[in-house]
Amino acid sequence: MKKLFPVALFAAVLLSGSLPVAAADSVLVERGSVRLTEAELRSAIVATVPEAERASLLSNEGKLRNLIAQLFASKLLAADAANRSLNAEEQAQLDYARERALAQLQINHVVGQGLKADYSADAQEFYLANPEMFNRPEQVRVEHILVSTQKRSKAEAEQRVRELQALLAQGERSFPELAQEYSDDDSVRDNGGDLGFFARGKMVPAFEQAAFALKAEGEVTGPVETQFGLHFIKLLAHRPAERIPFEQVRQRLSDEQAAQARKNLIMREYERIGALPGTVVDQEAIQRMVEAQRAASASGAQK
């Protein structure tokens with residue numbers, strides 16, 4: 001016998017129980033004649049959840065139960081509305097919502113028929129036609145330690161620099177360890193002093209010049225003075241200027257080409273509708289609406 005969920009308790013029950021693996025047509029929740037099936041749940045997920053997030057949602061029991069509770073509550077509320085007489089304004093809202101939903105279904109239908117299964121060829125064509133967009137400039141990746149001259153006196157900063165120079169010369173402690181202890185850069189807590197790859201023009205001139213002057217991986221330079229203080233810089237990697245291989249951008253470009261194709265199909269459909277013969281527009285009625293609103297706004301402003 002299936003267990004019924006009292007209206008006041010069904011969300012709590014959903015959030016506390018275990019969810020068995022159900023068949024595609026299984027009834028997940030029911031109260032009287034109102035039911036939510038697994039097929040309806042999956043349809044709702046497809047309609048409202050981005051594709052990249054669906055697997056995460058379905059594997060998170062708490063989030064899934066919360067969604068089921070929301071959907072079932074919506075079904076109960078919809079049943080309550082269907083079982084009473086709607087006033088004229090409510091009926092107009094319902095009709096509008098239905099038309100919007102049907103219009104979206106038709107747009108999806110038109111787009112679905114027009115889209116290609118694979119846009120890799122279009123992506124490659126765009127890649128070859130726009131080589132300048134895929135040129136990656138020379139880059140370096142460095143770690144750094146900042147001794148601030150704003151948080152301490154010049155003498156204190158020079159003493160701290162001497163300590164760092166001695167520790168770096170000994171080579172007993174790693175650069176990230178020293179960065180965690182000595183660097184005044186607030187980001188060190190998250191990156192250990194590693195600034196990642198950057199191209200010219202991204203850092204202050206003195207720092208950038210010193211970083212790009214390093215030749216061998218593991219080479220350290222410093223102290224380098226900037227308006228922020230004194231820096232020790234270690235080269236982690238050097239990446240010469242190159243053209244990004246197509247395979248690295250193929251998926252992104254394919255997705256962009258598909259999105260553009262979808263946009264073009266939608267615009268084409270709206271243009272088709274706009275050019276349909278026999279369409280009559282009451283321009284005077286529209287103008288009267290505008291003038292009435294302007295008059296009402298002007299009257300309200302004078303009060």
Side-chain angles (χ1 to χ4, degrees), residues 50 52-53 55-56 60 123-124 126-256 259:
E53 301 174 16
S56 175
N60 186 314
Q124 187 166 33
F126 181 86
Y127 175 84
L128 295 174
N130 300 276
E132 71 284 352
M133 295 179 62
F134 305 99
N135 291 331
R136 183 159 51 201
E138 178 188 15
Q139 296 178 320
V140 291
R141 179 184 174 190
V142 303
E143 294 174 321
H144 89 127
I145 300 173
L146 169 65
V147 177
S148 174
T149 53
Q150 300 173 350
K151 297 180 178 180
R152 57 180 57 83
S153 68
K154 182 176 180 181
E156 290 172 333
E158 290 175 348
Q159 175 59 35
R160 197 170 180 86
V161 164
R162 285 193 291 270
E163 292 177 13
L164 267 172
Q165 286 174 319
L167 291 169
L168 288 167
Q170 292 172 9
E172 295 179 358
R173 299 177 63 186
S174 70
F175 199 94
E177 287 177 338
L178 294 174
Q180 290 285 358
E181 182 175 345
Y182 282 90
S183 184
D184 294 315
D185 186 344
D186 292 337
S187 69
V188 72
R189 292 189 295 270
D190 301 317
N191 60 24
D194 186 347
L195 299 180
F197 280 101
F198 59 88
R200 297 182 189 274
K202 299 297 184 182
M203 300 293 179
V204 294
F207 187 98
E208 176 185 294
Q209 183 177 358
F212 277 89
L214 294 169
K215 301 301 180 184
E217 294 182 7
E219 183 181 353
V220 178
T221 188
V224 176
E225 187 171 4
T226 72
Q227 64 265 42
F228 302 107
L230 301 166
H231 306 259
F232 287 89
I233 308 171
K234 178 180 178 180
L235 180 66
L236 295 178
H238 175 265
R239 181 185 286 166
E242 62 177 343
R243 188 176 184 189
I244 302 173
F246 173 69
E247 281 305 311
Q248 289 188 17
V249 295
R250 180 183 62 80
Q251 188 58 55
R252 173 174 67 82
L253 292 180
S254 295
D255 292 343
E256 290 175 356

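Worth saying up front: this structure is predicted, and the values here are computed from it rather than measured.
In this structure, Phe126 has no ring-ring contact (aromatic ring centres under 6.0 Å, His included) partners at least two apart in sequence or on a different chain. Considering only residues two or more places apart in sequence or on other chains, Arg243 meets the salt bridge (Lys or Arg N to Asp or Glu O under 4.0 Å) condition with none of them. Listed by chain and residue number, nothing satisfies the salt bridge (Lys or Arg N to Asp or Glu O under 4.0 Å) test with Glu132 (two or more places apart in sequence, or in another chain). With sequence neighbours excluded, the residues satisfying side chain to side chain contact (heavy atoms under 4.5 Å, CB included) with Arg239 are Arg136, Gln139, Phe197, Glu242. In this structure, Glu219 has no salt bridge (Lys or Arg N to Asp or Glu O under 4.0 Å) partners at least two apart in sequence or on a different chain. Not counting sequence neighbours, Arg189 has no partner by the side chain to side chain donor-acceptor pair (under 3.5 Å) test. Applying the side chain to side chain donor-acceptor pair (under 3.5 Å) criterion to Asp255, with sequence neighbours excluded, gives Gln251. Scored by the side chain to side chain donor-acceptor pair (under 3.5 Å) test, Ser148 finds no partners at all (sequence neighbours excluded). For Asp194, the salt bridge (Lys or Arg N to Asp or Glu O under 4.0 Å) test picks out Arg141, with sequence neighbours left out.
Legend: salt bridge (Lys or Arg N to Asp or Glu O under 4.0 Å) pairs involving residues 156-173, not counting sequence neighbours, sorted by first then second residue: Arg173-Glu181.
Taking 4.5 Å as the limit, some side-chain heavy atom of Ile145 sits within range of a side-chain heavy atom of Phe175. Between Leu235 and Val142 there is a side-chain heavy-atom pair separated by less than 4.5 Å. Within the 4.5 Å cutoff, the side chain of Pro137 has no heavy atoms near those of the Arg200 side chain.
Under the 3.5 Å distance criterion, the side-chain polar atoms of Thr149 are left unmatched by any main-chain donor or acceptor of Lys154.
Using modelled atom types, one finds no donor on one side chain facing an acceptor on the other under 3.5 Å when comparing Ser183 with Asp185.
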Which donor-acceptor pairs under 3.5 Å do side chains of residues 222-234 form with protein atoms, sequence neighbours excluded?
| residue | atom | partner | partner atom | Å |
| --- | --- | --- | --- | --- |
| Thr226 | OG1 | Phe228 | N | 3.1 |
| Thr226 | OG1 | His231 | NE2 | 2.7 |
| His231 | ND1 | His144 | ND1 | 3.3 |

Name every donor-acceptor pair, under 3.5 Å, that has one atom in a side chain of residues 201-217 and the other anywhere in the protein, sequence neighbours excluded.
| residue | atom | partner | partner atom | Å |
| --- | --- | --- | --- | --- |
| Glu208 | OE1 | Gly201 | N | 2.4 |

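Scanning all heavy atoms of the two residues, the minimum distance from Asp184 to Lys151 falls at O-NZ, 3.4 Å. Residue Ala123 comes nearest to Arg250 through the heavy atom pair CB-O, 4.1 Å, listed as atom of the first residue, atom of the second, then distance.
To the nearest 0.5 angstrom, Gln170 atom CD is 9.5 Å from Leu178 atom CG. The line from CG of Leu168 to OG of Ser174 is 10.5 Å long, rounded to the nearest 0.5 Å.
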